[in-house]
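My questions all concern the structure below.
So that the names make sense, note that chain A is the first sequence line, chain B the second, and so on, each numbered from 1.
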Amino acid sequence: MSEPYNPQEIEPKWQEQWDRDALYRAVIDESKPKFYALTMLPYPSGDIHIGHWYAMAPSDVRARYKRMQGYNVLFPMGFDAFGLPAENAAIQRNIHPKAWTMANIARERQQLRSMGAMIDWEREAISCLPGYYRWTEWFFRKFYDMGLVYRKMSPVDYCPSCKTTLAREQVIGEERICERCGSPVVKKDLEQWFWKITDYADELLDFSKIDWPERIRLLQTNWIGRSEGAEVVFRVAPEDLPADAAPGTGDLVVFTTRPDTLWGATFMVLAPEHPLVEVITKPEHHPSVHEYQFQAGRQSEIERLSTEKEKTGVFTGAYAINPVNGARIPIWVADYVMMGYGTGAIMGVPAHDERDAAFALKFGLPIIPVIDRLDGEARSLVFPASVPPDFAATLDRAGIAYRAAPVGDLGEGLYVSLHGKEQIERYVELMRQALLPGHWNDVVGSGWTFIFPGEVCQLDSVEADRAILARCRALDPPVGENRTVMEMLSHCEFYSDILIHHEHGTMINSSAFTGTPGDQAIHKVTTWLADRGMGKAAVNYRLRDWLVSRQRYWGAPIPIVYCDQCGIVPVPYEDLPVLLPDDVAFMPTGESPLRYHEGFLNTTCPKCGGPAKRETDTMDTFVCSSWYQYAYLSPYYREGEPVDATSLPWDPAEQAYWAPVDTYTGGAEHAVMHLLYTRFFTKALRDAGVVDFDEPMLQLRNQGVILGEPRPGDCVDVQGTWEGAAFHAERITVYGFADPATWPAFAREATRVCGELMDRDETTLKVRTSDAGGLTVVHINAEMPVAIPGKEGLGTVNDLLYHLDVEKMSKSKKNVVAPDALVASYGADTLRAYLMFGWRWEQGGPWDSQGIEGIVRWLNRVWSLVQDPPRESRDAVVPDQAAARELQRALHYAIKSVTEDLETFSFNTAIARLMELTNALSKAKPNCWGSDLWTEAVRGLLLLLAPVTPHMTEELWSLLGYPYSIHQQDWPVWDEALLLEDTIELPVQINGKVRARITLPAGSSEEAIKAAALSDAQVQRNLEGKQVVKVIVPRGQLVSIVVK
RNA sequence: GGGGAAGUGUCGGAAUAGGCAGACGAGCAUGACUUAGGAUCAUGUGCCGCGAGGCGUGCGGGUUCAAGUCCCGCCUUCCCCA
């Protein structure tokens, strides 16, 4: 018998050996094809968690597999080491961010080593070290020279009490309060640095050169949000501008995707931050506009843009001129328009835009339809007593559909549905004749017609809107307080879904353009506008330039100085890096200490030599992670040597060989930030002449998330007394969570409460006392001793386990799975294999602590399978022919499917195939042990398993006497011919149901198969008394007989 | 509201050029070996039915010799956008 499998002994042993032999050192080797496998680097928060393992271990398996296939594989690792948590630790615990970060890295590096991954640690790169961030600064400088960098005012979230800017995650909840002090957060305008990612917007929409998941491509496409349309210039009415205004001051450029709706623009809306608001607002409107601007500043973008939200806004008192018809339209300020989107000004076309419609209805602005419906639908509500009683019969004769039903409490009316121009016209004519004096009728949807006694009006202009409303006012039904025709109509439920649409129908009510078909409308109007200098075709992007400024200490310094004489001066390349000073005093508020560090702040101007101040903002950490894949090529390149504008930031030979990344793996949560920024970065570097390719990562795959394991809570049976709504515990009996079968029935009685523990804190237990989920609060004394099943001695209520649902793992929820503990009890190989096997990799799911036992059993079986002779051994080493053939087939099948599965990231099925091969070996063992085939099959299993369980296979490889190292062997290849079965079993379907199975030699002809099927006794029985219509043998897979 | 993804045994999940649904595990059950078992080995395990047999991939239709897979219409969940 072999020694038992002991990963705790084997794993460190081989890790040290591999280290000594530099087995995973990746060096350029022109004789081999390269493969750059990259997995997202961790942020050093202090602990490598199961999510890191889930991302990295299968990626490592695939990298190892590629290496065995003959590729020279680079699989590096580093740390994304700048960022806010380090600074928070400094403030809260008085630890320097650098010390905190480097200590975390030291710990995490050890944790990662326990995984046994083929990481080349000599290429490790840490983004917070000067050798790294010198180049981060160099890129800022380079992009500055390329014109990709600019500075402008931009709002940040700011806490007036802490006097500090806040990161997005530091602003809490809908109330938008500061996470540190709870004060309301406000927006504050600061000069900040931007990178022109928008210059690359169109190129970033092109994914033709990369194999990335559809989902990520879609997210990026939506994020970039390219829309085509036109820019149209509206002028502020001259009398609403200051007399001394420069020419062009009042030009309001509007971007619209629907220039064909221009004739329906009945108002304009400016973003509260729009600079023209101040200029045009009439004095009497100043107070309300200013108040509104302040309120808007406190809200988040998501709130502002929500369609759910009640529309708000204020009138400026000023008017603009609609360029297409000269109409004076009011200019409003409203928060649903964002300064950053388009131009910060929109034209309101309420008839064909939902948000404009909501705004117009709220503030009584006219709504004029200018695009016809595509479906030709129209409706008309005929009020009771507005027509003679025989009108329904008239409609019947005309073939017009209607429904008779009460209208409020006014009596029975007719709800008429019309379709098509002709029918609408016929209806209007019938109504014109039938309408009784003192009433009116309307047709809405297609047509927009108002029928009055003796007159028919169209709702085709603001003037018509007013005229119609005035006429209605004199008639029945009453108009009430309604300010526009549409507002009046909007109260009628029958019309609710027909008033507003955004289809591309034929233009109506648009002077000379009326009748222009929808498919030509935008193009024709845009051309016409351009010819008259009123506008032009334009493209708008949702994507905004990348704001790289952070008002923080722990980030890469922005290499800029401010000189009184020379203005903004970039730090010369030769002077990089601008070092982050270590001796800084952290403000309890979180304000950047750089702003008060005299040594850092004061410098000399590189241009004139006079006194100057340094930029105190640092760069967004996404800048550091936008180029880390290149940092691994030659970490901290040329550290200590001066560099200049023409230097290369990494070893050109390394780049020429390894770049770009072949396979990139990581979480999908970075879809639109990191993954878009790094693409931009590479394109900018290409234009800088640094790299000669367009995309940083050729193939991307995302893994899912491992969630917390659901678990019932312990059952507690509590004796005690009621104190109001709460129960005071005197004695607690516990039934373990593991066996609910032993639990007593849940109860809620006068002196007793019994149920599942759902939650617990220092003073209370929340107990589920009914199957429906009713909770009872039980007051406890934390020191109260309780006996807990499966635990030695007496515990306290703090040892009770409470119910856990499937949720994201978090320390506060106490559902974290710690990989270190799993490695300690099961070993890294077992954990690696389980993470591959347990879930669809791209999907993830809840942890299952039971499932890992299956892997334990499997690896133990492999361990003894290859070492121990069979229990009841046969004397002969000559294998039984059939058993041998079956084993051979199983081996080649496994080679083929494991290869294909690893290639396509189907890790769970790869493990399943390896288990099957193990099962096949077990089955064949008594017959084949010791034969050449047995040796070959065991060898094959170990090689296929080597990437998955590198330590165990290395140990077995060496125990079996093979030369070190298994990880330097070639990946096995399969023989298609050996995959085929000698005999095949075919199902026979009769009318689609499997009725029999027949066995035939492999490669039988279709005729032979048909004959065999029809002569099969079972088939014969099923065919009795029926007529065979046809017999099909598709691809030799089955027989399908059709009978009558 | 728009866009996307997904719904398969008790659970994780297999299977898509349309071709035997439930691979491989977990769990459960029975048996063996055991002083014992949360060890190991063997067998079984979609549902209903004693049985022959019938039913079965969210629901309802359709195409086809044949549908988890294709088409149409719904329902539910998750994600993104608004």
Side-chain angles (χ1 to χ4, degrees), chain A residues 1 4 213-225 301-309 336 338 341 353-355 358 497 500-502 542 668-669 671-672 702 704-707 709-710 738-739 741 790 806 833-861 864 871-872 893-894 897-898 901 906-920 922-923 984-998 1021-1022 1028-1044:
Chain A
M1 282 293 281
E214 173 69 34
R215 195 179 112 77
I216 301 290
R217 301 202 310 258
L218 191 75
L219 284 170
Q220 293 205 347
T221 302
N222 290 342
W223 188 259
I224 294 166
E301 239 166 71
I302 296 153
E303 288 165 359
R304 283 177 57 169
L305 289 171
S306 168
T307 44
E308 319 279 290
K309 202 191 102 186
Y336 78 99
M338 311 294 298
Y341 290 175
D353 179 282
E354 241 175 273
R355 283 187 296 175
D497 59 348
I500 308 298
H501 75 88
H502 47 83
R542 211 182 75 92
E669 66 274 18
V672 289
N702 302 116
V705 180
I706 299 292
L707 301 168
E709 183 173 26
D739 21 34
V806 176
Y834 183 49
L835 288 172
M836 290 173 73
F837 182 65
W839 305 262
R840 281 199 280 226
W841 189 64
E842 68 279 11
Q843 208 157 293
W847 179 257
D848 176 5
S849 49
Q850 190 69 246
I852 196 169
E853 299 292 344
I855 299 290
V856 172
R857 286 195 273 256
W858 171 49
L859 293 182
N860 273 308
R861 275 206 336 270
S864 56
R871 286 196 184 160
E872 66 270 32
Y893 175 71
S897 34
V898 171
D901 287 348
S906 306
F907 299 115
N908 55 346
T909 50
I911 300 291
R913 298 293 93 83
L914 287 168
M915 288 172 167
E916 283 171 358
L917 177 58
T918 309
N919 293 346
S922 295
K923 199 175 155 202
I984 49 170
E985 195 190 61
L986 290 186
V988 182
Q989 294 182 346
I990 295 171
N991 281 354
K993 297 213 190 277
V994 178
R995 297 294 180 185
R997 285 162 199 287
I998 54 171
R1021 207 171 316 138
N1022 279 284
V1028 174
V1029 178
K1030 61 178 161 176
V1031 182
I1032 306 164
V1033 184
R1035 298 200 292 282
Q1037 285 176 340
L1038 52 65
V1039 184
S1040 185
I1041 301 171
V1042 189
V1043 299
K1044 268 202 294 202

(request) Can you tell me the pairing partner of B/rC70 across any strand shown, Watson-Crick or G-U wobble, with both distances under 3.5 angstrom? (result)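 Across all strands, the one nucleotide that pairs with B/rC70 is B/rG62.
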(request) Searching all strands shown, indicate the nucleotide that pairs with B/rG22 (Watson-Crick or G-U wobble; both distances under 3.5 Å). (result)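 Pairing partner: none.
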(request) Mind checking A/Asn222 for me? I need base, sugar-phosphate or nothing, with any heavy atom below 4.0 Å counting as a touch. (result)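 No contact.
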(message) Heavy atoms only, 4.0 Å cut-off, all strands: where does A/Gly844 land among base, sugar-phosphate and nothing?
(response)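 Contact class for A/Gly844: sugar-phosphate only.
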(message) Just N and O in the side chain of A/Arg840: are any of them under 4.0 Å from OP1 or OP2 of B/rA14?
(response)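 For A/Arg840, the contact criterion (side-chain N or O under 4.0 Å from OP1 or OP2 of B/rA14) is met.
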(request) Tell which nucleotide pairs with B/rU40, taking only Watson-Crick or G-U wobble pairs whose two distances are both under 3.5 angstrom. (result)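 Because both required distances fall under 3.5 Å, B/rU40 counts as paired with B/rA32.
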(message) Using a 4.0 Å heavy-atom cut-off, does A/Glu916 contact any base of the nucleic acid, only the sugar-phosphate backbone, or nothing at all?
(response)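 A/Glu916: backbone/sugar contact only, no base atoms under 4.0 Å.
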(request) Rounded to the nearest angstrom, tell me the gap between atom CZ in A/Arg913 and atom P in B/rG25. (result)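 My rounded result for the distance is 10 Å.
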(request) Measure the distance from CG on A/Leu835 to P on B/rG13 and round it to the nearest whole Å. (result)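 Those two atoms, CG and P, are 14 Å apart.
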(message) For A/Leu219 versus A/Val672, what's the shortest heavy-atom pair and its separation?
(response)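 Heavy atoms of A/Leu219 and A/Val672 come nearest at O-CG1, 3.5 Å.
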(request) With the side chain of A/Arg215 defined as its heavy atoms from C-beta on, choose the nearest nucleotide among B/rC79, B/rC81, B/rG12. (result)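 Between B/rC79, B/rC81, B/rG12, the one nearest the side chain of A/Arg215 would be B/rC79.
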(message) Please report the distance, rounded to the nearest Å, between CG in A/Leu707 and C1' in B/rU77.
(response)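 That distance rounds to 14 Å.
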(request) Pick the P atom in B/rU76 and in B/rU63, then give their distance to the nearest Å. (result)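 That atom pair is separated by 28 Å.
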(message) Both A/Glu214 and A/Trp839 contact RNA chain B. Taking the nearest nucleotide for each, which residue is further toward the 5' end?
(response)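 That would be A/Glu214.
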(request) To the nearest Å, give me how far apart CD (A/Glu842) and P (B/rA6) are. (result)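 So the CD-P distance, A/Glu842 to B/rA6, works out to 10 Å.
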(message) Counting C-beta onward and ignoring hydrogens, is there a side-chain heavy-atom pair between A/Trp223 and A/Arg542 closer than 4.5 Å?
(response)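 Heavy-atom side-chain distance check passes, below 4.5 Å.
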(request) Quick one: label A/Leu219 by what it contacts on the DNA or RNA (base, sugar-phosphate, nothing), any heavy atom closer than 4.0 Å. (result)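 Sugar-phosphate, backbone atoms only, no base.
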(request) In whole angstrom, give the distance that lies between atom CD1 of A/Ile852 and atom C1' of B/rG38. (result)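 To the nearest whole Å, that distance equals 15 Å.
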(request) Rounded to whole angstrom, note down the P distance from B/rA5 over to B/rC72. (result)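 Each nucleotide's P atom is 14 Å from the other's.
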(request) Please state the C1' separation for the pair B/rG60 and B/rG53 - nearest whole angstrom. (result)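 B/rG60 and B/rG53 have their C1' atoms separated by 27 Å.
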(message) Between A/Tyr834 and A/Trp858, is the ring centroid distance below 6.0 Å?
(response)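 Ring centres of A/Trp858 and A/Tyr834 not closer than 6.0 Å.
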(request) In whole angstrom, give me the gap between the C1' atoms of B/rC50 and B/rA17. (result)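 That atom pair is separated by 45 Å.
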(request) Could you tell me which non-hydrogen atom of A/Pro213 sits nearest to which non-hydrogen atom of A/Asn702, and how far apart they are? (result)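 Result for this residue pair: CG-OD1, 3.5 Å.
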(request) May I ask you to test the A/Glu853-A/Asp848 pair for a side-chain heavy-atom distance under 4.5 Å? (result)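 With C-beta onward as the side chain, the pair stays apart.
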(message) Between B/rG25 and B/rC59, how many Å separate the two C1' atoms, rounded to a whole number?
(response)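 The same atom, C1', in both gives a distance of 31 Å.
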(request) Considering only atom C1', compute the distance from B/rG18 to B/rG27 and round it to an integer number of Å. (result)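 Rounded to whole Å, the distance is 34 Å.
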(request) Return the minimal non-hydrogen interatomic distance between A/Ala894 and A/Arg913, and the atom names on each side. (result)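 Where A/Ala894 meets A/Arg913 most closely, the heavy atoms are CB-O, 4.3 Å.
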(request) Looking only at side-chain atoms of A/Phe837, point me to the closest of B/rA26, B/rC20, B/rC24. (result)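 Out of B/rA26, B/rC20, B/rC24, the nucleotide with an atom closest to A/Phe837's side chain is B/rC24.
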(request) Tell me the partner of B/rG9, counting only Watson-Crick (N1-N3 plus N6-O4 or O6-N4) or G-U wobble (N1-O2 and O6-N3) with both under 3.5 Å; none if nothing fits. (result)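 Its partner: none found.
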(message) Between C1' on B/rC24 and OH on A/Tyr893, what's the gap in Å once rounded to a whole number?
(response)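 After rounding, the reported distance stands at 11 Å.
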(message) I'd like the P distance from B/rA21 over to B/rA67, given in whole Å.
(response)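 Between the two P atoms, the distance is 10 Å.
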(message) Distance check needed: B/rG25 P versus A/Phe907 CZ, whole Å only.
(response)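 Interatomic distance, CZ of A/Phe907 to P of B/rG25: 20 Å.
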(message) Between B/rA82 and A/Arg355, counting only base atoms on the nucleotide and side-chain atoms on the residue, is there a donor-acceptor pair under 3.5 Å?
(response)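 For A/Arg355, whose side chain was compared with the base of B/rA82, there is no donor-acceptor pair (under 3.5 Å).
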(request) Select from A/His502 and A/Leu1038 the residue whose nearest nucleotide in RNA chain B is closer to the 5' end of that strand. (result)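 Result of the comparison: A/His502.
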(message) For B/rG58, does the O4'-C1'-N9-C4 or O4'-C1'-N1-C2 angle fall within 90° of 0, making it syn, or is it anti?
(response)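 This nucleotide is in anti.
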(request) Taking all non-hydrogen atoms of both residues into account, name the closest pair between A/Glu709 and A/Gln850 and its distance. (result)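 That closest heavy-atom pairing would be OE2-N, 4.5 Å.
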(message) Going by purine N1 to pyrimidine N3 plus the second Watson-Crick contact, or the G-U wobble pair, all under 3.5 Å, which nucleotide sits opposite B/rA15?
(response)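 In the structure as shown, B/rA15 has no Watson-Crick or wobble partner.
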(message) Nearest whole Å is fine: how far is B/rA26 C1' from A/Trp858 CH2?
(response)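 That distance rounds to 15 Å.
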(message) At less than 4.0 Å, is any side-chain N or O atom of A/Asn919 found next to OP1 or OP2 of B/rA23? Yes or no.
(response)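 No, no such contact exists.
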(message) Under 4.0 Å, counting only non-hydrogen atoms across every strand here, what does A/Arg217 touch: a base, just sugar-phosphate, or nothing?
(response)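 Touches nothing.
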(request) Side chain of A/Arg861 only, please: which of B/rG25, B/rG54, B/rC65 is the nearest? (result)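 Of B/rG25, B/rG54, B/rC65, B/rG25 is nearest to the side chain of A/Arg861.
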(request) Could you measure between the two P atoms, the one in B/rA23 and the one in B/rA15, and give it in whole Å? (result)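 Going atom to atom, P in each nucleotide, I get 12 Å.
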(request) Compare side-chain N and O positions of A/Arg542 against OP1 and OP2 of B/rA82 and report whether any pair is under 4.0 Å apart. (result)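 For B/rA82, OP1/OP2 do have a side-chain N/O of A/Arg542 under 4.0 Å.
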(message) What's A/Arg857 touching, base or sugar-phosphate or nothing? Going by heavy atoms closer than 4.0 Å.
(response)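 A/Arg857: backbone/sugar contact only, no base atoms under 4.0 Å.
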(message) Could you tell me the Watson-Crick or G-U partner of B/rU45, where both distances fall under 3.5 Å? Say none if there is no partner.
(response)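 Its partner is B/rG27.
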(request) Compare every heavy atom of A/Gln220 with every heavy atom of A/Ala671, then report the nearest pair and how far apart it is. (result)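 In terms of heavy atoms, the two residues are closest at O-NE2, 2.8 Å.
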(message) Of the options B/rA23, B/rC79, B/rG13, whose atoms approach the side-chain atoms of A/Asn908 most closely?
(response)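 Within the option list, the nearest is B/rG13.
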(request) Compare side-chain N and O positions of A/Gln850 against OP1 and OP2 of B/rG27 and report whether any pair is under 4.0 Å apart. (result)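 The answer is yes; a side-chain N or O of A/Gln850 sits under 4.0 Å from OP1 or OP2.
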